[in-house]
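Structure first, then comments.
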Amino acid sequence: MLFAATLLLLEITPTGRVVPPKVETTTLSNGLRVYIVEDHSAPIVTFQYWVEAGSADERDGTTGLAHFFEHLLFKGTPKVPRYFDAVAGLGGQLNAFTWVDETVYWEKVPTDSFEAVLDLESDRLAAMTVDFLGIEPEREVVKSERLLRTENSASGSLYEAVGATVFQYHSYHWPTVGWMRDLDTVSIDEARSFHRRFYGAGNAFVVIVGDVKAKAALAAVTKRFGALAKGTLERPPRIPEPIQERERRTYVEKPTAAPLLQFAWRSPAGGDNVFLHFELLKSVLVDGKQSRLQQALVHGERPLASSVSAFLFPFVDPGAFILEVQLLPGVSRRAVEAAVEREIARVRSSPIGAAELARAVSVQSAAVVRGMATTQSRAQLMGFAIRSQGDPLAPWTRLAEYGTTSAGELRVVAEDWLTPERRTVGYAVDPQELVKLAKGLVTEAPSGVDGVDDGLVAAVEYAVAYRRHENEKGVLAAEAAAIEALEARAAAEKPKGDPAAIEDWLENHGKGAAGRRKRLAERKTALRSGEKALGAARSKAVCLLAGKGQGPCNPDEERFGAEEPPARYLSAQGLLGGRASGGRGAPIERALVRLVEQHAFLADAAGLADELARIGDNNLSEAGRAIADYAHAARHVEAGKR
């Protein structure tokens with residue numbers, strides 16, 4: 001049925017050429033551009049209102065504002081307080097999305113509800129207010145969305161970290177949802193300023209696809225939207241991203257069911273002619289079971305990964321081509337890195353065969369045709385083309401041009417864009433992976449030194465717990481500051497609004513200041529309880545490393561009388577951040593950071609041994625030498641296996 005419906009939306013000549021639809025284009029006196037495509041194949045019409053403002057139009061300190069307004073427009077108005085119910089009552093569907101370059105509001109309704117939904121949409125655009133009681137509840141919804149999709153997701157966190165590493169100057173640097181610190185602190189006046197700058201009709205366009213007469217539809221839009229203020233666009237300049245000249249690496253520490261790797265390279269802007277060639281190269285590499293990376297990583301004779309996926313999209317400015325690989329258990333990340341580079345190097349050095357290029361053209365063409373299958377998807381395809389290329393018919397043009405692309409043009413893209421020095425590599429690390437490596441290491445290569453084997457495992461367990469504890473402290477400190485900022489915003493807004501209603505929300509709403517302070521106090525109590533267990537874990541590790549694992553040992557109460565504490569005891573304290581090292585920044589802690597940053601552990605336990613050996617070599621005491629001897633021995637055992 002989908003294929004049949006798609007044919008109805010595409011006019012194809014006897015020679016197989018796809019004929020672009022007729023697009024009626026008009027600009028209203030207030031600057032609002034209107035694009036209309038008649039499609040009478042079904043009694044349905046899609047209406048989309050595109051605001052040309054996304055997260056890339058924000059500035060550091062106010063990130064997340066574009067997404068805020070997506071939420072605010074669903075709050076309803078005095079005339080229509082329940083917007084979702086109103087559209088559903090017309091037999092329609094609706095939603096919205098925010099991305100780097102745009103914020104889009106859409107409805108899909110039966111033909112006879114078209115003008116009614118225009119009434120609803122124009123009302124909420126004209127009547128939207130930016131005030132305390134509108135923004136603050138939505139602020140907490142947006143924060144919850146960020147927690148769900150990013151901070152509690154290894155893949156989401158890694159995608160954010162990789163993006164921030166690829167873009168270090170351009171405003172694509174921050175995520176569309178915004179940094180949490182900004183979501184906590186962005187002021188209502190800053191939100192008002194964003195709305196004033198970007199929500200004028202002169203910074204928007206409308207796309208209508210469906211069962212309408214173009215002339216009548218334009219008249220209906222003009223009647224409802226022609227009175228919207230044009231606005232004065234104040235778009236801040238976007239800083240061009242310099243060419244990347246050396247490989248970059250980043251990581252996130254998140255629990256993950258399987259190791260994750262992401263690779264990113266810069267990609268051309270959507271309006272660049274090279275972007276089309278890049279799309280075909282992506283298909284050669286990733287799309288379908290027969291593609292090169294699917295064969296090399298997932299479907300070949302010796303699979304390394306359970307999945308590999310790719311992201312490439314036509315942004316207004318040069319964007320990013322991102323690969324995500326989910327590794328199979330026990331597979332080295334180094335092996336995956338090597339396999340990915342090997343396949344890309346083949347594209348750089350050898351021509352793509354005619355059959356492989358033809359497959360890529362078919363796959364990419366099919367993806368575009370699927371984007372034309374419904375009024376909603378076709379309007380969205382046109383909208384992105386308007387935003388990135390200024391041409392609603394660009395998707396149809398691409399369909400014709402895919403087949404004229406040569407293998408040599410794809411090779412040039414690989415040579416110019418997909419080189420090792422322009423690559424960013426990111427990986428998600430489960431902290432418990434370090435503990436597993438330590439346990440595996442002492443099992444396979446026991447040191448024979450009293451306490452050192454168990455002490456190393458205990459030290460790594462302690463360091464992982466310490467990092468988790470410190471992270472929770474940071475989260476609670478940020479929440480305390482956020483509550484103070486909320487109360488300051490409330491104090492500033494009370495003279496401008498309804499002070500009693502604002503105070504009631506602060507005291508009685510679950511996301512108000514009173515409720516958040518209560519939950520913060522509970523988490524602080526739990527944190528203090530955890531400090532006792534953390535101290536016990538450190539004591540256990542110190543005792544084992546000091547060779548006193550079989551007898552009573554409490555490092556915090558140990559007394560040596562007039563004698564100097566044994567060197568091995570002092571070294572153990574230093575390794576775990578005790579008195580001898582001055583507290584934070586203990587060698588074990590620093591080593592774990594280096595293990596992640598330098599990915600020394602990514603191949604096998606020998607990487608852990610090497611890093612621990614460096615710790616030992618820098619601590620010339622009995623414990624330090626024991627660790628060094630142990631680590632070197634373990635390294636040689638692992639090397640012998642390979």
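Values below: every heavy atom of this structure, side chains too, minus hydrogens, waters and symmetry copies. These figures come from a predicted structure and were not determined experimentally.
Across Leu304, Leu297, Val331, Val298, a single residue satisfies side chain to side chain contact (heavy atoms under 4.5 Å, CB included) together with Val325, and that is Leu297. Each of Glu507, Glu487, Glu479 was compared with Arg516 under the salt bridge (charged side-chain N to carboxylate O under 4.0 Å, His left out) criterion, and only Glu479 meets it.
Remark: Asp317 pairs with His170, Arg238 by the side-chain hydrogen bond (donor to acceptor under 3.5 Å, both in side chains) rule, at least two apart or across chains. Taking Gln244 as the reference, Arg248, Thr424 meet the side chain to side chain contact (heavy atoms under 4.5 Å, CB included) condition, with sequence neighbours excluded. Under the side-chain hydrogen bond (donor to acceptor under 3.5 Å, both in side chains) criterion, Thr256 pairs with no residue at all, not counting sequence neighbours. With sequence neighbours left out, the salt bridge (Lys or Arg N to Asp or Glu O under 4.0 Å) criterion links Asp430 to no other residue.
Ion pairing of Glu247 with Arg423 is present here, as a side-chain N (NZ or NE/NH1/NH2) and a carboxylate O approach within less than 4.0 Å. A salt bridge between Arg468 and Glu253 is absent, with no side-chain N of the basic residue lying under 4.0 Å from a carboxylate O of the acidic one. Ion pairing between a basic and an acidic side chain is recognised when a charged N comes within 4.0 Å of a carboxylate O; Glu343 and Arg346 show such pairing. Glu136 and Arg489 are joined by a salt bridge, as a carboxylate oxygen and a charged side-chain nitrogen come within less than 4.0 angstrom of each other. One finds a salt bridge joining Lys473 and Glu470 here, because a Lys/Arg side-chain nitrogen approaches an Asp/Glu carboxylate oxygen to under 4.0 Å. A salt bridge links Asp184 to Lys143: at least one charged side-chain nitrogen sits closer than 4.0 Å to a carboxylate oxygen. The pair Asp60-Arg181 counts as a salt bridge, with a side-chain nitrogen and a carboxylate oxygen less than 4.0 angstrom apart.
With Asn152 contributing its side chain and Leu147 its backbone, the two residues share a donor-acceptor pair below 3.5 Å.
At most 12 heavy atoms of other shown residues, nucleotides or ligands fall within 6.0 angstrom of atom NZ in Lys524.
Side-chain atoms of Ser309 and Glu324 include no donor-acceptor pair closer than 3.5 Å. Looking at Glu190 and Ser187, their side chains do bring a donor and an acceptor atom within 3.5 Å of each other.
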Would Phe321 and Phe311 satisfy ring pair (Phe, Tyr, Trp, His ring centres under 6.0 Å), going step by step from the backbone distance to the final call? CA-CA 6 Å; Phe321 170 51; Phe311 168 85; 9.1 Å; no
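Counting heavy atoms from C-beta outward, Trp174 and Val100 have side chains that stay 4.5 Å or more apart.
Residue pairs meeting the ring-ring contact (aromatic ring centres under 6.0 Å, His included) criterion with at least one member in residues 429-450, sequence neighbours excluded, do not occur. The stretch residues 150-174 participates, sequence neighbours left out, in these salt bridge (Lys or Arg N to Asp or Glu O under 4.0 Å) pairs: Arg146-Glu151, Arg146-Glu160.
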